[in-house]
**Student:** 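Before anything else, here's the structure in question.
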Amino acid sequence: MMGLQLQSDCWLIWPVILPLSAALVAFLAKGQPRLSGLTGALLTALASGTLFLKVVNHGGGSYDLGGWQPPLGISLRGDGPAVLMVLMTAVTGLAISVYAGGYFQSRIAMGGKGRRHIVQERFFWPLWLLLWGALNGLFLSADIFNMYVTLELVALSSVGLTALSGKPASQVAAMRYLLASLLGSLSFLLGVAFLYKTHGSLDLATIQAALALSPPVALAMALISVGLMLKCALFPFHFWLAPAHANALAPVSAILSGLVIKGGWYLFFRFWQGFLPLVGDGVVVVLAGLGGAAIIWGAFQAFCQQRLKMLVAYSTVAQIGYLFIIFPLLAIGAGQGAAAVFYFAISHSCAKAALFLAAGSIFLQMGHDRINNLDGVRQILPITTFAFALAGLSLMGLPPTGGFIAKYMYLSLAVSQDSWWLVLVMVVGSCLTAIYICRAVSHVLSPRMVAGRSQVVVGASMEWSALALALVAILLGFIAPLPLGLFEVVG
Amino acid sequence: MTGNESTGHRRGMGLVPLFNLVMLVALFAALAWGYLAPVSGSSGLAHRVDAALVESGVESRVTAVLLNYRAYDTLLECFVLFLGVVAVWSLRPFRYDRHDPSPGLILSSLVRLLVPLMVLVGGYLLWAGSNQAGGAFQAGAILGGAGVLLLLTSSPLLSALPRGLLSCGICLGPVFFLMMGLAAMVLGRDFMEYRGEAAALAIVALEVVTALSIGLCLAALFGGRRPEAGQEGAGKAVPSQDGGEGR
Amino acid sequence: MSVPPALVYGLTGLFLFVAGLAGLISCAQLLRKILAANIMASGVFLFLVTIGHGRGGVIDPVPHAMVLTGIVVSVSSTAVVLALACRVQETANIHDLLKRRAGGDRE
C-alpha cells in the first residue's frame, strides 16, 4: 500500500533485525565476542532510539512485512506503548551490556577455574542479543501467532542465559523455568488456535475490532491469560522466578528481572485492552486480587531472605503485582491508567536492573551475598552502594523518583474510584518494600568494616553503568510529561 | 532415588490426585465446550491465500504461506533453531563422558545404505515442496535424521569435517534468510517482499539453504553438547548433505 | 448419524492437551515431564490442523503453516530441555554417589 509511508516506516524492523544479526556475528566471531557484542548492543540501541524519535516527531506507523497486508501477512506496529517499551529495553539493555563487558573482563582477569568464564562470555553475547531482538519483536508485533514465536525465542534465550553460570542450582532453576515457560507457551498457542477458529485472522487489531463474548473467545482469553501469567510469574505462578533470577550471572539477573518479565506482561496488557470492555467487574477484580496477593506475599518473602540477590528476586515477584492491580482502574480516566502502569513498568525496569547489577558487583567483590555479612561494603564500592540505595528509593516510591510518579498516579486513580482496598494494598506493599530495602541498605551502608577481598575486583564500567541506570530511574521522576504524552500515539 | 521418594510421598495423600483428576476433567469439558460451540461464519484465510497465490511464486499453498506471506515467522523460526543450538552448546560439558561402544556391523552397514537414500529423499521432498506437500522443513528433518544416524555410528565422515564449518552451517539458514530479506529492501521493496518470477527463484534458494541448515541444526541438537577442540565426533554432523544440494 | 472426523480429531487434540498437562503436573521424573510437555504440544498441533479443515470443504493452509513452525519451535525447546535434564541428572547422580560414599566411610 501507500509507498511513501512504507519507506518511512521501515525503521520499525531495524530494532528486531539488528540484534539478531549481531547475535550471528557474535556467535561466529569466536575470538572477539565482547567487541562484536558491544557493537551490536550499541547499534541496536541507536536503532531503537531512532525509531523512538521518529514516532515522537511523526506519529506511529505500521509496517507490512513482505508487503502483504495484515490478515494475510504479518505487520509490525509502532504505537506509543510499543516504542516506549523498545526504548526502555534499549536504555536498560545498553547499560547491562556495558556492565556485562566489565563483568566478564573482571571475571576472566580473576582467573579461577580454567577457561570457564571465557566460554561463558562467548555464549553470553549471542544469547543476550537474540533475547534483545526477540523482545523488540515481541513489543512491535501485531500478529498473535508471531507473538507466540517471539515468546518462545524470549523464553529459550532466557533459559540459556539462566543456565549459563553452570552452577547446579542455576541449572535446576533453568529447568523449572523452561518447563513452566513451555506450559505457558502451549496454553497461549491453544488460545491463539481458538481465536483463529472464531475470527479467521491472526492480526490482533482485526480480532479486537470484531471481538464478542462467546464460549470459544472466553476460553481463548482464559488460556492466553494463564499462559502469559505463567510467563511473567504472577502470584500463584511465581514459583520458578526467584531461584532462576537469583542464581544467574549478575548481568543475566538484571536482564531477566528488568526486561524479560515485561515481555509477558506487555502481551497480557495488549490482549486485555481489547477484552476489558467485554468482561464483568468480577474477573477484573480477580486479576487485581492476584496482583495484590503478589505484592504482599512477594514483599514478605523478600523480607525473609538471607541473600541479597534472593531479596531482589522476591522483590520482583512483589513488583509484578503492581503491573496487574491496575486492571480495575483502566476503564476510567481516559488512558490515565495505561499511562500509569507503563510508567511503572519503565521505572521498575531501570531500578530493578540497577539493583541487580549493584548486587552482582557486591557479590563479586565479597565472594558471597549474605546480607548480614555485608557490613561496610560502601567503603570498598562507594559508587555501587550509592546506586543500590538510589534504585532502592525508586522501588520504594519515594519522591522525586519515577517510582513515586507511577505510584502517585495509581493512588489518585484508586481514590477517584473509591477502591480503598487497592489503596490499602499499595500502601502496605510500599511500606514492606521500604522495610526490606532498608534492611539491605542498612547493612551495606554501615560504617563497620568486614573482611572481604583486599583488592577491588569490580571494574569502573560495572560501577558506573549501575549508577547510570539508577540515575535514570530517579530522572524519570522529572521528565514525567514526556513519556506520558506518548500514549496518545496510535499505530 | 528421587522417583522412589516421590511415589512414597504420593501414596501418602490420596486426596490430591483426586482433586487433580476432577480439575483436569473440568478443563477438558471447558475446552470441548469451547470447541463445540457454534461459530458464526468466519472463513479463515483460505480464500485470501488462493487469491494471492499467483503473485507468491509457488503453487503449493502451505509453502506460499510459510515462505512468502508469513516469511517473517519462518525467519524467526530459523532463529529459534539457531538459538536452540547456541543454548545447548552453552551448557557446561559433561563431567563424565561416556564413550559409546562401537556401533556393530548391522548398524554401520545399515547407515551406509540408509544415509545416501535419506539424502535422496530429502532432495525429493525439497523439490516436491513447490507444488505439493513437502518443502524445506520436511527435507531438513530427513537430512537431520541422516545426521543423527551418522552421529550414532560416529562415522569417520564426521571427523573429516573441517572445524568451523559446523558453526557456519548452523548460522547459514538465518544469515541467508536475512540477506534475502535485505536484498529485497535494497531493490526498493519491503523487507522480504518477493513477487512473481523473482519470488519463485528466491523461494527455491531459500528452501535449499534452509533445508541444509535445518538438517545441520537438528543433528547438532541431537549431539547435545558443544564440539570441543580436539574432540571429533559429537555435535559435528552431516557432511554428506552437500550431495542433497545437487538436485 | 455419523460423527464427522474433524470432530474426533479436534476432541482428541484437546484430550491430548489435558492428558499432557496431567503428566506435567503429576509426574515426578524429569523425562516424564518432558514427554508430557511434548504430548501437550502434539495435542495443540492436532487441534490446529483440525481447525484448518471443515469450512465448507476448503482447506485453510495457514494453520498448517503454523503447525510446521510450531513443530520446529517445539523440537528446539525439547532439545534444550533434554540437554539441561542430562546435566541436572548428572549432578544429582554425583551428589548421590558422594553421599553414599560418605555414608559408607562412616560405617
Side-chain angles (χ1 to χ4, degrees), chain A residues 6 10 13 16-17 20-21 23-24 27-28 30 63-68 71-74 76 116 119-120 122-124 126-127 130 133-134 137 143 145-146 149-150 152-153 156-157 159-161 163-164 166 171 190 194 196-202 210 214-220 222-223, chain B residues 30-31 33-46 48-49 51-52 55-56 65 67-77 79-80 82-93 164 167-168 170-171 174-175 178-179 181-182 184-185 188-195 226:
Chain A
L6 288 177
C10 73
I13 60 166
V16 186
I17 300 293
L20 293 181
S21 321
L24 291 167
F27 178 70
L28 286 175
K30 281 176 187 160
Y63 184 75
D64 299 332
L65 288 152
W68 300 105
L72 188 59
I74 301 170
L76 296 180
R116 201 180 65 186
V119 175
Q120 280 177 0
R122 200 184 119 202
F123 287 104
F124 170 81
L127 285 171
L130 281 169
D143 182 281
F145 185 72
N146 185 245
V149 180
T150 54
E152 282 285 19
L153 264 174
L156 267 183
S157 43
V159 168
L161 285 170
L164 203 60
Q171 293 194 326
L190 193 58
F194 272 110
Y196 184 74
K197 180 173 181 292
T198 47
H199 290 272
S201 171
L202 291 168
S214 65
V217 169
L219 202 61
L223 286 166
Chain B
L31 289 173
W33 169 68
Y35 174 56
L36 296 175
V39 181
S40 55
S42 80
S43 58
L45 294 171
R48 288 174 193 270
V49 169
E55 281 184 273
S56 75
V65 174
L67 288 168
N68 206 333
Y69 310 140
R70 299 180 66 86
Y72 178 60
D73 268 350
T74 312
L75 166 75
L76 291 186
E77 174 192 335
F79 271 100
V80 174
F82 166 67
L83 168 60
V85 177
V86 177
V88 167
W89 285 8
S90 74
L91 297 173
R92 97 180 137 64
S167 307
C168 292
I170 282 161
C171 292
V175 167
L178 273 177
M179 273 168 37
L182 293 176
M185 280 185 97
R189 292 156 173 261
D190 281 332
F191 183 67
M192 296 197 290
E193 180 177 354
Y194 322 119
R195 294 288 187 280
R226 66 172 165 271

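Values reported hereafter were calculated over all heavy atoms of this structure, with side chains retained and with hydrogens, waters and symmetry mates removed. Convention: sequence-line order gives letters A, B, ...; per-chain numbering from 1.
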**Student:** Using side-chain heavy atoms (C-beta onward) and a distance below 4.5 Å, is A/Y196 in contact with B/L45?
**Tutor:** yes

**Student:** Quick check on the interface: out of A/L130, A/V119, A/L20, who has the most heavy-atom pairs with chain B under 4.5 Å?
**Tutor:** A/L20

**Student:** Given that the side chain runs from C-beta out, which part of A/Q171 has a heavy atom under 4.5 Å from chain B: side chain, backbone, both or neither?
**Tutor:** side chain

**Student:** Taking the side chain as everything from C-beta on, heavy atoms only, tell me whether A/C10 gets closer than 4.5 Å to B/M185.
**Tutor:** yes

**Student:** Identify which of B/E77, B/M192, B/R70 forms the greatest number of heavy-atom pairs closer than 4.5 Å to chain A.
**Tutor:**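 Top count of heavy-atom pairs under 4.5 Å with chain A: B/R70.
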
**Student:** Heavy-atom pairs under 4.5 Å with chain B are the metric here; pick the option from A/A163, A/P71, A/A23, A/S21 that has the most.
**Tutor:** A/P71

**Student:** Given a strict heavy-atom distance threshold of 4.5 Å, which part of A/P126 is in contact with chain B: side chain, backbone, both, or neither?
**Tutor:**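 A/P126 touches chain B through side-chain heavy atoms alone.
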
**Student:** Chain B: which of A/D143, A/V159, A/T150 shares the most heavy-atom pairs with it under 4.5 Å?
**Tutor:** A/D143

**Student:** For B/A30, is it the side chain, the backbone, both, or neither that has a heavy atom closer than 4.5 Å to a heavy atom of chain A?
**Tutor:** both

**Student:** Between B/L83, B/L178, B/V80, B/N68, who has the most heavy-atom pairs with chain A when the cutoff is under 4.5 Å?
**Tutor:** B/L83

**Student:** Counting only N and O atoms by type, is there a donor-acceptor contact under 3.5 Å from the side chain of A/Y63 to the main-chain atoms of B/F191?
**Tutor:** yes

**Student:** Just so I know, are the side chains of B/Y194 and B/L67 near enough to count as touching, which here means a heavy-atom distance under 4.5 Å?
**Tutor:**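 B/Y194 vs B/L67: side chains apart.
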
**Student:** A/L76 vs B/Y72, test: side chain to side chain contact (heavy atoms under 4.5 Å, CB included). Steps then yes/no.
**Tutor:** CA-CA 10 Å; A/L76 296 180; B/Y72 178 60; 4.0 Å; yes

**Student:** In terms of heavy-atom pairs under 4.5 Å with chain B, which of A/L153, A/L223, A/V217 leads?
**Tutor:**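 Top option by heavy-atom pairs under 4.5 Å: A/L153.
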
**Student:** What part of A/V16 gets closer than 4.5 Å to chain B, counting heavy atoms only: side chain, backbone, both or neither?
**Tutor:**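 Only the side chain of A/V16 comes within 4.5 Å of chain B.
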
**Student:** Using side-chain heavy atoms (C-beta onward) and a distance below 4.5 Å, is A/L72 in contact with B/V65?
**Tutor:**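 Heavy-atom side-chain distance check fails, nothing below 4.5 Å.
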
**Student:** Within a radius of less than 6.0 Å around CZ of B/R48, do more than 12 heavy atoms belonging to other residues, nucleotides or ligands occur?
**Tutor:**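 Check fails, neighbour count at 12 or below.
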
**Student:** Less than 4.5 Å to any heavy atom of chain A: does that hold for the side chain of B/L76, its backbone, both, or neither?
**Tutor:**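 When you check distances to chain A, atoms from both the backbone and side chain of B/L76 fall under 4.5 Å.
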
**Student:** Against chain A, label B/F82 side chain, backbone, both or neither, depending on which of its atoms sit under 4.5 Å from a heavy atom there.
**Tutor:**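 When you check distances to chain A, only side chain atoms of B/F82 fall under 4.5 Å.
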
**Student:** Please classify the contact between B/L36 and chain A as side chain, backbone, both or neither, with a heavy-atom cut-off of under 4.5 Å.
**Tutor:**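 For B/L36, neither part sits under 4.5 Å from chain A.
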
**Student:** Check each atom of A/L24 against the heavy atoms of chain B and say whether the ones under 4.5 Å are side chain, backbone, both or neither.
**Tutor:** both

**Student:** Side chain, backbone, both or neither: which part of A/S157 has an atom under 4.5 Å from a heavy atom of chain B?
**Tutor:**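 Both the backbone and the side chain of A/S157 come within 4.5 Å of chain B.
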
**Student:** For A/L161, is it the side chain, the backbone, both, or neither that has a heavy atom closer than 4.5 Å to a heavy atom of chain B?
**Tutor:** neither

**Student:** Please answer whether the main-chain N or O of B/E193 pairs with a side-chain N or O of B/D190 as donor and acceptor at a distance below 3.5 Å.
**Tutor:** no

**Student:** Under 4.5 Å, counting heavy-atom pairs only, tell me which of B/V88, B/L75, B/V86 racks up the most with chain A.
**Tutor:**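 When all of B/V88, B/L75, B/V86 are compared, B/V86 has the most.
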
**Student:** So, does B/Y69 use its side chain to make a donor-acceptor pair with the main chain of B/V49 at under 3.5 Å?
**Tutor:** yes

**Student:** Is any side-chain heavy atom of B/S167 closer than 4.5 Å to a side-chain heavy atom of B/W89?
**Tutor:**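 Yes, close enough: below the 4.5 Å cut-off.
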
**Student:** Side chain to side chain contact (heavy atoms under 4.5 Å, CB included) between A/L190 and B/L31: does it pass, once the steps are laid out?
**Tutor:** CA-CA 10 Å; A/L190 193 58; B/L31 289 173; 4.0 Å; yes

**Student:** With a 4.5 angstrom heavy-atom cut-off, could you sort out which part of A/L65 is near chain B: side chain, backbone, both or neither?
**Tutor:** both

